[in-house]
Amino acid sequence: MSTPPPDTHRAAARSKMPLAEQIETTYQRIGVTSAHRQIVFMILLGVFFDALEQNAVGITGPILRESWGLDASGIGFLNTMTFTATALGRVATGLIVDRFGRRNMLTVNLLIFAVGSLLCAFAPNYGVLAAGRFIVGFGLGGEIAVAVIMMAEFFSAKRRGTAVGLINVTAAGLGNMLAPAFGILVFTLIDGPDKWRWVFGLLFLPAILVLWFRRYVPETPRYLAATGQIDKANEVLGRLATGKLAGPAPTTEQYIAAPELAAAAGVASAGNSWRKVFTRKLLPRTSLLVIAVGMSYAAQISMLTLMPMILVAQGYAVNTSLWFTLLMQAGSLLGAISASVVANRFPRKLVLTVAAALGCFSGLAIALLGSNILFVLIFGVIFNYSIIVLNTTIWLFAPEQYPTKVRGFGTSIILAAGSLSGGLFPLVTGAVFDAGGLTAMFSVMAGLFVILAISVQFVPETFGKPLEEDNDAIYGH
């Protein structure tokens with residue numbers, strides 16, 4: 001009787017292991033290769049231009065106010081359209097990526113975003129501009145949601161925090177900080193009442209370039225394995241191991257095998273169990289993170305949208321207010337980098353609690369010392385630092401709460417809640433500012449951090465744990 005080859009023995013041994021453990025062990029063995037770095041670069045490149053587009057209303061607001069006679073409510077409504085659509089785009093994308101995969105939606109959402117940006121550039125009136133912002137928001141929301149999920153699923157628990165954190169280093173850090181500089185550059189080189197159009201138009205071209213490069217990004221092995229495509233999952237793992245995304249598929253080692261229980265029961269297709277997000281086990285953590293992200297985004301988007309206009313209202317020129325905003329956004333970059341570093345060293349809830357306390361302190365400091373521009377700049381940096389540490393950590397925390405088959409939908413609900421809050425809350429803070437000035441506005445925003453700190457205390461800690469894979473037991477059945 002012949003002896004089975006060693007790989008057969010290894011496959012048999014792996015089939016007795018849970019899928020989550022198989023994938024985690026494989027990722028740890030492979031490490032980070034040039035293929036990982038290429039995937040990260042291609043995802044982050046699109047995220048960077050998304051961040052510039054997200055800031056476009058704040059950048060162009062003062063010019064639109066002069067050219068079209070828009071008031072603060074008119075500018076705020078453009079942001080409401082953008083972020084409401086972002087929320088819808090995230091929920092829709094979450095359902096689609098769990099059923100049809102992550103990779104294709106990464107491309108589709110960027111294409112939607114590019115078309116909306118072009119429509120904004122050529123908008124003949126306010127209605128068309130608002131419609132363009134809605135299209136941009138829909139694509140933008142899906143793009144970020146897929147980016148977060150894919151970065152979480154391509155890395156082991158040891159490196160996941162840094163990988164997901166890089167999204168906010170690129171978006172909320174570099175993107176938010178450099179967005180005012182982008183506006184200054186455009187307004188310096190181009191003059192006239194329609195110079196705002198160039199802000200939108202110039203963002204269309206790099207989006208198309210990113211689409212071309214992203215054709216090499218593969219589907220995540222976790223999704224392929226969760227949907228029973230074990231051979232394809234092993235092929236992608238082989239590409240990651242060899243560092244070659246393009247060209248012929250490498251000779252495939254069987255890195256993972258279908259678990260015996262799953263093979264016996266049959267593997268269900270992904271996306272047919274989205275209702276499991278609302279089960280007794282998963283609904284509380286979803287609800288609590290919805291509250292947390294709602295508070296964080298409310299503070300962030302209020303700051304991004306209203307600060308340039310507040311500074312202009314206080315007598316500063318448009319370019320000066322953008323420079324001040326840029327200085328304050330330096331805190332975003334520092335916050336994103338800090339969050340990426342501490343993600344691999346400290347529990348999620350500890351990081352969120354400390355950052356919320358710092359955000360509350362800086363908000364109250366601005367409220368009390370807002371008459372001095374130096375204090376506004378100093379505590380504005382700290383305020384933005386706190387917000388981005390919070391957002392980055394929540395982006396990491398969210399996909400860790402769900403198994404693969406509902407990770408897209410669950411994560412997207414949380415991110416969508418943030419977008420919806422970001423779209424609507426500036427209307428509240430704008431009204432508070434009109435009624436009570438800077439002191440009232442930042443006092444309200446300081447209170448948001450208190451609510452956030454309380455809500456995250458009741459979410460399960462996930463620090464250092466592998467991402468869950470699919471088994472009916474995890475849903476509490």
note = Per side chain to side chain contact (heavy atoms under 4.5 Å, CB included), V148 is matched among I43, L415, I414, V47 by L415
request  = Have a look at R285 and tell me which of T462, V459, V290 forms a side chain to side chain contact (heavy atoms under 4.5 Å, CB included) with it.
outcome  = V459
Over all heavy atoms of both residues, which pair between [X] and [Y] is shortest? Give the atoms and the distance, please.
X	Y	answer
A233	I256	CB-CD1, 3.9 Å
I30	L237	CD1-O, 3.7 Å
L452	L352	CD2-O, 4.4 Å
I59	G183	CG2-CA, 3.6 Å
A85	F134	CB-O, 2.9 Å
F200	T60	CZ-OG1, 4.0 Å

request  = List the steps, then state whether salt bridge (charged side-chain N to carboxylate O under 4.0 Å, His left out) holds for E24 with R222.
outcome  = CA-CA 10 Å; E24 183 69 19; R222 292 186 189 276; 3.7 Å; yes
Flag, side chain of [X] to backbone of [Y], donor-acceptor distance under 3.5 Å:
X	Y	value
K349	Q457	yes
K465	E461	yes
Y223	G101	yes
E219	R103	yes
R345	V341	yes
S287	L283	yes
T170	L166	yes
R197	A123	yes
T84	M81	no

To the nearest 0.5 angstrom, please state how far the [atom1] atom of [X] sits from the [atom2] atom of [Y].
X	Y	atom1	atom2	value
L427	F425	CG	CZ	10.0 Å
L396	R348	CG	CZ	4.0 Å
L240	I39	CG	CD1	5.0 Å
N384	M307	CG	CE	9.0 Å
H36	M151	NE2	CE	10.5 Å
F397	Q401	CZ	CD	5.0 Å

Do [X] and [Y] touch side chain to side chain, with heavy atoms closer than 4.5 Å?
X	Y	result
L202	F182	yes
P426	F83	no
L390	Y385	no
F324	Y316	yes
V199	F187	yes
L326	L178	no
M42	L245	yes
S117	E53	yes

inquiry  = Does the plane of the ring in F361 sit parallel, tilted or perpendicular to the ring in F379? Use 30° and 60° as the thresholds.
reply    = perpendicular
Any side-chain donor near an acceptor of the partner, [X] and [Y], under 3.5 Å:
X	Y	value
T286	Y402	yes
R214	T107	no
E468	T404	no
S332	Q329	yes
N344	T162	yes
T86	S419	no

ask   = Given R99 and T227, is the side chain to side chain contact (heavy atoms under 4.5 Å, CB included) satisfied, shown in steps?
value = CA-CA 9 Å; R99 178 171 288 276; T227 54; over 6 Å; no
inquiry  = One thing to verify: whether R102 and E153 come together as a salt bridge, which I'm taking to mean a side-chain N less than 4.0 angstrom from a carboxylate O.
reply    =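 Between R102 and E153 there is a salt bridge, with a charged N closer than 4.0 Å to a carboxylate O.
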query = Any Lys/Arg nitrogen of R407 or E400 sitting under 4.0 Å from an Asp/Glu carboxylate oxygen of the other?
reply = no
query = Would V97 and F409 count as a side chain to side chain contact (heavy atoms under 4.5 Å, CB included) if you check the C-alpha gap in whole Å, the side-chain angles of each, and the deciding distance to 0.1 Å?
reply = CA-CA 8 Å; V97 297; F409 186 50; over 6 Å; no
key: Test side chain to side chain contact (heavy atoms under 4.5 Å, CB included) applied to I144 and D50, step by step   = CA-CA 8 Å; I144 296 292; D50 289 347; 4.2 Å; yes
message = Between R90 and E143, is the salt bridge (charged side-chain N to carboxylate O under 4.0 Å, His left out) condition met? List the steps.
response = CA-CA 8 Å; R90 285 178 174 171; E143 164 89 359; over 6 Å; no
ask   = Would one find more than 12 heavy atoms of other residues, nucleotides or ligands at under 6.0 Å from atom NZ of K195?
value = yes
request  = Please lay out, stage by stage, how Y27 and F155 fare under the test ring-ring contact (aromatic ring centres under 6.0 Å, His included).
outcome  = CA-CA 6 Å; Y27 275 162; F155 291 88; 7.5 Å; no
Working for side chain to side chain contact (heavy atoms under 4.5 Å, CB included), residues S421 and V293 = CA-CA 8 Å; S421 176; V293 80; over 6 Å; no
query = Are F442 and F383 near enough that their ring centres are under 6.0 Å apart?
reply = yes
